[in-house]
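Below, all heavy atoms of this structure are taken into account, side chains as well, without hydrogens, waters or symmetry copies. One-based numbering, in listed order, for ligands and for the atoms of each.
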Amino acid sequence: MVSGLRPPTQLSANPKGATSAITKPSGLPLPSTRPLVAAATTTTTTTTAATVSNAHAGVKRKQPSPDVDLPQPERVKRRAGGSNGHAPVALQSRPATSKLSAARGAGITATRAPHGAGQRRGIIAKAAAVPSARGAGIARGGLSARPISTITANRARASGVLARGAAPPKPTAAAKDAAERKPAPAAKLDENGNPDCGTDGEDGSDDAANSSDEEPPPVLKKCQSWDTKTKLENLQAINGYLARKQKHTAKKKAGLARLLEEEQSRSRELDSQRKSLEDQILANKGTIRKLNTEIDEIRAEGRRRQQQHEEEIDDLKRQHRRRVEDLQDQIADLERRNSKLSEDLRQTEKDLGDERQQVRHLDGTVKKLTTELAELEDTYRTLKTQFEHLEGTLARRNDQIAQQKATIEARDKEIASLRLQLHKEEMVRRSLHNTIQELKGNIRVFCRIRPLLADELADKDKLPIKLPECDDENEVELWQQSESATGKMSSKVYPFKFDQVFGPDSTQDEVFDEVSQLIQSALDGYPVCIFAYGQTGSGKTFTMEGSDKNEGIIPRAVRQIYETTERLKEKGWEYTLEGQFVEIYNETIQDLLVVAGGQDTTVTANSGGGGGGDNSKKKLEIHRDKSGRTYIKNVTTTRVDSTDAVNRLLAQAAKNRTVAATLCNDRSSRSHSVFTLRISGVNVITSESCAGQLNLIDLAGSERLSQSGAQGERLRETQAINKSLACLGDVIFAVGNGDKHVPYRNSKLTHLLQDSLGGGNSKTLMFVCISPSPTSAQESLCSLRFATKVNSCHIGTAKRQSS
Ligand SMILES: Nc1ncnc2c1ncn2[C@@H]1O[C@H](COP(=O)(O)OP(=O)(O)OP(=O)(O)O)[C@@H](O)[C@H]1O
């Protein structure tokens, strides 16, 4: 019977039902909670209530917290109701308690003592009116105070029924919990099977309190182990007690069955509600999942948008930076432009200032020009009038020009006629010039007396040479002192008369003026020979070559001929000038135009119709060509086609003479130098031609061997010079005498000058140079006598030569 009863702990251990009833939200109906609570209220003491609470707490610990599915306001409400959550339920259950109190014992009164006094008084009154051994029995039995499973187990142990007949019911978690907390003291038996009658603990005091309302347990007699009778009596007492308790329990069971049905109905209702709530929860969970999905999507969208926004922000930042950089560049560019514009502005302002100043200046100029314009307009009108007048004049002048053109044409014809006449007159002039030269004599002698040199000034008062004070400038006197055997001093005067006499003060220009006429004859096609004769140091080289600042006859003659040929080009004459320069030393011909180590490009070698090349080592020999003209084979000939060519020719000759002078002391004084200029002219108008030749000769100094005292090489030099000079005299005298044989070949000099000295067809001029020094008086006398003898010769009429 006991095993068929469902223990209260199982009921209370129904977590779903108990928890649902207790944790029901306040909004839910709780009509069915009353029987259960009322039953619990009627059968529990303070300890029982605590046990139920603890059992409930144990259930709560094993069940998921209902708070999880509750809305927040409900959870707050529950927490505000009390620590165990029972308070609201207990308050609602009080009316029910009062209804059940009629069938329940006064033990309840004792358990309700802690509540308010008013409540307690009401309950006590009802309990007192309906005394019930059943209620007392339950309280006495401690069914509520102890877990039923524990009681049942103790009872079974005592009776030995449960221990052996059936497996004890599996204790619920709440029952275990209750059993662990407080074992039921009333159900204890001693080791002899007697109930434990100890008075220790609370149970003893509780039993004592319950005993006043419920049937007390039977008092057992003490007995020995062998006193079976007493034991039987005790067991019968207990049995009777248990039978009464069983009846009470049966009634209670029926009530509990009803309560159970109600509770089950309530449970089903709650199950339906629970299912509804679960459905709702499921729906809510679906909604929550949907919402979570949406939240996730929203979060993903949020993250995506946030990322997008961050990217957009980054883009915007980059754009901003680029924009800032662009703006900075633009600012820098604008600043540069501003600076440049400022500079331009300053320059423009400056230019504007200048322009304004120019404008002001131009305004003044405009005003001035306006005035001038007015004046010019007046002038224009005047000029226009004049122009009109001049147009008339111009017309008249044009007529005059036409007339003058006709006149000019007539004049041109006249000029042509005059040119022809001029040419004829030129020819007449040449003829007359030649006649004059002939009248002067084809061989003439000029005497030139040099001034005293620095070392001769001491003898200036004893000069033997005197120029007469009469008007005749062609005479010269030589005074010579002599001492007789008696010691008487006497002076003898030797007068000489020449074609021209140049005193010490005469200049190179004056000398050349007298020579230039003869040089012109060479251009006219006559062979001309000018040579200087005299003792050493008498001034021969000075007269023929001169110095850089006092040019002599040779450079002046060449330049005159070149310049004259240039002027004669307008008369149709085209000339070719070729020069050569040689010296005769000890009867040997030396080329003074040869270039050492090569040949100047302006120089050609005269080989008598061929040859050329380096002439420095070739032997120069005198030959006659087929036309009978004398030439030197292998000699260097230079074309003189410019003044520079003239200068180069003379410089080269001077250079070679300097080298020769270094090799042989004072050689220039011991040799004859002969400059020859060949002149070939053709008149392209008249087809006339001419071939003149100019020989300019600086003879070696004449010396008397008796006075010079020369010996050795110097003696041989002097002998060679005297021989050649003697030969020159012999030739001149032979020509003058008209001898059939003229000894030209007795010396190189006369042989070379054969064309200029022979045949009476040449024009010869001899300069006799005289030193005024007293020590040179005897030599001067000899030279003057030789010159006089030459001057006395008549070598016939010169003939003009044509090529
Ligand atoms: N007319 C003159 N006026 C000034 N000085 C002159 C004149 N004639 C000659 N002399 C000077 O007299 C010196 C001798 O003259 P130059 O050398 O011409 O004589 P030379 O007869 O040529 O002698 P050599 O036979 O030795 O060559 C030179 O110093 C020269 O400058």
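- Distances below 4.0 Å separate heavy atoms of Q535 from the following atoms of ligand 1: 21 (O).
- Residues S747 and T750 have side chains that bring a donor and an acceptor to within less than 3.5 angstrom of each other.
- At least one N or O atom of F542 sits closer than 3.5 Å to an N or O atom of ligand 1.
- Salt bridge E456/R450: present, at least one basic N to carboxylate O contact under 4.0 Å.
- At a heavy-atom cutoff of 4.0 Å, ligand 1 is contacted by the side chain of L453 but not by its backbone.
- Between the side chain of S417 and the backbone N or O of K413 there is no donor-acceptor pair closer than 3.5 Å.
- Using modelled atom types, one finds a donor on one side chain and an acceptor on the other under 3.5 Å when comparing T775 with S773.
- Taking any N or O of D698, backbone or side chain, none lies under 3.5 Å from an N or O belonging to ligand 1.
- Judged purely by distance below 3.5 Å, without hydrogens or angles, the side chains of H751 and T630 never pair a donor atom with an acceptor atom.
- Remark: the Q754 side chain and the R624 side chain contain an N/O donor-acceptor pair separated by less than 3.5 Å.
- For the pair G537 and ligand 1, a heavy-atom separation below 4.0 Å is found.
- The shortest separation from a heavy atom of S538 to ligand 1 is under 4.0 Å, placing the residue in contact.
- Closest heavy-atom approach to atom 4 (C) of ligand 1 within the set P451, G552, S771, S506: this belongs to P451.
- Here is the list of ligand 1 atoms found below 4.0 Å of a heavy atom in R448: 1 (N).
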